[in-house]
Amino acid sequence: MHHYRDLIDIFNQCFEKSENTRLIKGESEPIYLPANERVDYHQVVFANGFFASGLHEIAHWCIAGKQRRLLEDYGYWYCPDGRDEQQQLAFEQVEIKPQAIEWAFSLAANFPFQVSTDNLNGVQPDRAAFQQKVRLQLEYYQQHGFPPRALVMIEALCSFYQVSLQSIIVSHCHSNRLSA
């Protein structure tokens with residue numbers, strides 16, 4: 001059973017002190033909010049308590065650089081649902097890495113994963129082609145290493161859900177680190 005409260009606990013245990021960041025259950029729209037004069041910690045807000053939304057928003061946070069994490073929603077451009085073909089291709093291009101990390105999180109939590117093309121009212125995306133790009137990025141990360149915060153989260157999820165880390169990480173370097 002996957003409950004969003006477990007995901008919040010896992011994330012906050014990993015990053016609340018070290019990164020001054022908390023995972024927060026939000027309403028219908030996810031958002032990243034940097035610390036400000038009213039809230040003295042950063043917030044990764046996911047939608048409606050959905051476990052998959054939490055994994056997805058954590059993945060975005062894991063690849064956002066330090067300067068990006070000082071900006072609301074990391075300062076990223078976002079074109080809402082209803083995108084045309086060009087906009088959809090641009091959207092998918094920036095979603096490959098976060099969704100590859102989300103896929104690894106899902107494996108680590110033994111939770112089903114589906115790519116999200118997030119365009120119900122726009123051009124029909126080529127879901128299979130996008131999934132292939134995400135899968136190739138996942139394989140790259142597995143062989144060459146995940147971003148550091150993503151690896152911390154993968155390790156924590158594997159521990160909590162009793163999934164073998166070796167089944168997620170196949171990199172020679174990481175295998176050496178685990179056996180040291």
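Nothing here was measured: the structure is a model prediction, and the numbers come from that model.
- Taking Glu16 as the reference, Arg22 meet the salt bridge (charged side-chain N to carboxylate O under 4.0 Å, His left out) condition, with sequence neighbours excluded.
- Proximity of Leu157 to Leu55: side-chain heavy atoms (C-beta onward) are separated by under 4.5 Å at one or more points.
- In this structure, Asp73 and Ile31 approach most closely via the heavy-atom pair OD1-CA, 3.4 Å.
- Shown here are the ring pair (Phe, Tyr, Trp, His ring centres under 6.0 Å) partners of Phe91, two or more places apart in sequence or in another chain: there are none.
- For Gln131, there are no side chain to side chain donor-acceptor pair (under 3.5 Å) partners two or more places apart in sequence or in a different chain.
- Residues passing the side chain to side chain donor-acceptor pair (under 3.5 Å) test with Arg83 are Gln88, sequence neighbours excluded.
- Taking the side chain to side chain donor-acceptor pair (under 3.5 Å) definition, one finds that Glu29 meets it with nothing, sequence neighbours left out.
- In this view, Tyr140 and His144 satisfy the ring pair (Phe, Tyr, Trp, His ring centres under 6.0 Å) rule, not counting sequence neighbours.
- The closest donor-acceptor contact from the side chain of Asp84 to the backbone of Gln86 lies under 3.5 Å.
- In this structure, the separation between CD on Gln162 and CG on Asn110 is 10.5 Å, given to the nearest 0.5 Å.
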Distance-only check: which donor-acceptor pairs under 3.5 Å involve side-chain atoms of residues 3-13, not counting sequence neighbours?
unit_1	atom_1	unit_2	atom_2	d
His3	ND1	Arg5	N	3.0
Asn12	OD1	Leu23	N	2.8
Asn12	ND2	Ile8	O	3.4

Per-pair distances, 0.1 Å, donor-acceptor, side chain in residues 98-106, under 3.5 Å, sequence neighbours excluded:
unit_1	atom_1	unit_2	atom_2	d
Gln99	OE1	Ser116	N	2.9
Gln99	NE2	Glu95	OE1	3.0
Gln99	NE2	Ser116	O	2.8
Glu102	OE1	His56	ND1	2.6
Ser106	OG	Glu102	O	3.0

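- Counting only heavy atoms from C-beta outward, the side chains of Glu57 and Val45 never approach each other to under 4.5 Å.
- By the salt bridge (charged side-chain N to carboxylate O under 4.0 Å, His left out) test, Arg127 pairs with no residue at all, sequence neighbours left out.
- Tracing side-chain contacts under 4.5 Å through hydrophobic residues (I, L, V, M, F, W, Y), one never reaches Val123 starting from Phe130; they form parts of separate clusters.
- At a threshold of 4.5 Å between side-chain heavy atoms, the hydrophobic network of Ile, Leu, Val, Met, Phe, Trp and Tyr places Trp61 and Val94 in two separate groups.
- The local environment of CD in Glu85 is sparse, with at most 12 non-hydrogen atoms from other residues, nucleotides or ligands closer than 6.0 Å.
- Counting all heavy atoms, side chain and backbone alike, Tyr41 lies closest to Gln43 at CE1-CG, 3.6 Å.
- A distance of 11.0 Å separates CZ of Phe146 from CD of Glu155, quoted to the nearest 0.5 Å.
- With His2 contributing its side chain and Phe51 its backbone, the two residues share no donor-acceptor pair below 3.5 Å.
- In this structure a side-chain-to-backbone donor-acceptor pair under 3.5 Å is missing from Asn121 to Asp81.
- Scanning both residues, Leu165 and Ile154, for their nearest heavy atoms gives CD1-CG2, 3.7 Å.
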Task: Working for side chain to side chain contact (heavy atoms under 4.5 Å, CB included), residues Leu107 and Leu138 - done: CA-CA 11 Å; Leu107 291 169; Leu138 172 63; 4.2 Å; yes
Using distance only, find each side-chain donor-acceptor pair of residues 62-72 under 3.5 Å and give its atom names and separation, not counting sequence neighbours.
unit_1	atom_1	unit_2	atom_2	d
Arg68	NH1	Tyr74	O	2.9
Arg68	NH1	Gly75	O	3.3
Arg69	NE	Ala64	O	3.0
Arg69	NE	Gly65	O	3.4
Arg69	NH1	Glu19	OE1	3.2

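- Dense packing is recorded around CD of Gln132, with more than 12 heavy atoms of other residues, nucleotides or ligands lying under 6.0 Å away.
- Here the closest heavy-atom approach between residue Cys14 and residue Ala156 is recorded as SG-CB, 3.5 Å.
- Residue pairs satisfying the salt bridge (charged side-chain N to carboxylate O under 4.0 Å, His left out) criterion with at least one member in residues 112-123, sequence neighbours excluded, are absent.
- Hydrophobic cluster membership is shared by Ile58 and Tyr161, with clusters built from Ile, Leu, Val, Met, Phe, Trp and Tyr side chains linked at under 4.5 angstrom.
- A pairwise comparison of heavy atoms in Pro147 and Tyr141 identifies CD-CE2, 3.8 Å as the closest pair.
- Annotation: side chain of Phe15 is in contact with side chain of Val152 (closest heavy-atom distance under 4.5 Å).
- Atom CD in Gln137 sits 10.5 Å away from atom CD in Gln142 (nearest 0.5 Å).
- Taking the ring pair (Phe, Tyr, Trp, His ring centres under 6.0 Å) definition, one finds that Phe160 meets it with nothing, sequence neighbours left out.
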